[in-house]
Amino acid sequence: MQAGAAHGQLPAGSAVLAAPQRQRRPRRRAVAPLLHPHSAPLPPGRERKGKEGAGGACAWCCCGGCKGSGCVVLLRASDRDGAGQAFCPLLAPLPPPKRRGVDHGPATLRAAGLVERLAGLGCQLYDFGDLNFTQVPNDELYNNLIYYPRSVGLASQVLADAVSRAVAAGHSCVTIGGDHSLALGSVSGHARQCPHLGVIWVDAHADINTPLTTQSGNLHGQPLSFLLRELQDKVPQLPGFSWLKPCLSASDIVYIGLRDVDPAEYYILKNYDIQYFSMRDVDRLGIQKVMERTFEQLMGRRQRPIHLSFDIDAFDPSLAPATGTPVLGGLTYREGMYIAEEIHNTGMLSAVDMVEVNPLLGASQEEVNATASLAVDVIATCFGQTREGAHTAFDELPTPSSPDESDSEQQVRI
Ligand SMILES: [Mn+2]
């Protein structure tokens with residue numbers, strides 16, 4: 001027998017038509033805690049020590065603006081008024097040496113709703129707008145091979161300054177390409193504030209040819225050789241690059257998604273002991289193990305800011321066709337999202353590059369849209385979008401109205 005029926009009343013819950021609506025509690029927006037390295041979870045068995053403790057100076061980051069309150073902060077809805085802390089997309093096309101169209105990447109991602117998606121996640125955005133780069137006149141080939149060294153060098157310098165300023169001001173920084181040479185600037189600028197950062201490079205290609213091993217002459221196939229300390233005796237001084245100081249060690253990088261590696265690049269990966277997970281490794285281990293080992297490599301000993309440099313060609317060309325150098329057999333959608341989710345979950349994401357979306361290379365508008373929305377999905381996932389949903393918090397589930405709450409029982413009986 002249902003409650004209430006013994007008194008000749010309708011069973012509870014059946015009086016919906018006449019009973020007053022139960023006052024619903026206003027929905028409370030889910031607010032994730034501020035993500036800051038000081039408060040981010042540590043690996044099991046590991047405790048914070050000394051200066052690393054909350055409120056102290058950043059032990060692994062010389063960020064001048066940090067002061068223990070945040071060099072890597074993603075603001076959520078409730079923190080919109082927080083001063084000096086925000087998340088900023090920094091949109092920066094670089095001049096493409098050979099492949100026209102990749103400079104439209106930022107506009108394409110804007111049109112795909114990048115800014116709205118991030119704002120919808122509760123991120124406070126500061127949009128730096130597209131940076132302006134100038135083509136250096138008479139920018140002749142270096143070594144009869146390398147395109148636009150002075151222009152790319154200068155653009156990278158401008159970008160490095162902008163990223164450095166953004167990170168110093170307490171922002172997490174998103175840089176939209178453009179081609180992958182922009183990592184010269186974004187990683188350099190980020191490392192200026194966070195010298196102990198770790199890089200996760202998601203890409204079909206290793207992008208670590210030196211100016212002396214490159215076959216194509218494209219600087220977007222070489223950025224990591226300029227950034228790696230161990231390779232400096234192998235990298236000639238290019239015009240336009242005197243400002244650039246190598247800021248990474250071989251142990252600071254992990255690749256995911258490789259499947260098209262040049263002979264000299266393979267030599268470098270092997271001889272300099274760089275951790276990489278090729279698509280074969282993704283097949284062999286599964287993406288969950290790959291991410292586990294990635295974090296073990298980069299954060300096994302201590303937490304550090306993460307720089308994610310994501311080339312859209314890491315995805316399978318069936319998912320991301322509008323890009324310059326597609327290679328069969330890439331990441332699935334689910335693997336890509338898992339990578340971004342796991343990086344978000346560390347609480348240590350400090351900067352993201354999204355590169356090589358080229359709307360001129362899609363065979364149709366559908367292909368361009370698919371590629372762009374994939375890129376937006378990756379970035380949104382990096383900043384908290386989940387496949388489980390929006391994580392709206394409920395204090396309790398609403399229940400059907402009960403008869404004793406009804407002030408109009410007569411109407412109920414009708
Ligand atoms: Mn790349």
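Whatever order the structure lists ligands and atoms in, that order sets their numbers, starting from 1.
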Student: Relative to the Mn ion (ligand 1), which of the N, O or S atoms in Asp207 is the closest?
Tutor: OD2
Student: Is it the case that the side chains of Asp161 and Ser164 hold a donor-acceptor pair, with the cut-off being a distance below 3.5 Å and no angle test?
Tutor: no
Student: Does any N, O or S atom of Asp311, backbone or side chain, fall under 2.8 Å from the Mn ion (ligand 1)?
Tutor: yes
Student: Can an N, O or S atom be found in Asp203 less than 2.8 Å away from the Mn ion (ligand 1)?
Tutor: yes
Student: With a cut-off of 2.8 Å, does Glu356 put an N/O/S atom close enough to the Mn ion (ligand 1)?
Tutor: no
Student: What I want to check is whether the side chains of Tyr333 and Asp377 have a donor and an acceptor closer together than 3.5 Å.
Tutor: yes
Student: Taking the six-membered ring where the residue is Trp, are the ring centres of Phe241 and Tyr142 under 6.0 Å apart?
Tutor: no
Student: Taking backbone and side chain together, does His180 place any N/O/S atom at a distance below 2.8 Å from the Mn ion (ligand 1)?
Tutor: yes
Student: Examine distances only and state if a side-chain atom of Thr323 and a backbone atom of Glu356 form a donor-acceptor pair shorter than 3.5 Å.
Tutor: yes
Student: Which is it for His307 and Asp353 under the side chain to side chain donor-acceptor pair (under 3.5 Å) test, yes or no, and what are the steps along the way?
Tutor: CA-CA 8 Å; His307 186 113; Asp353 310 323; 2.8 Å; yes
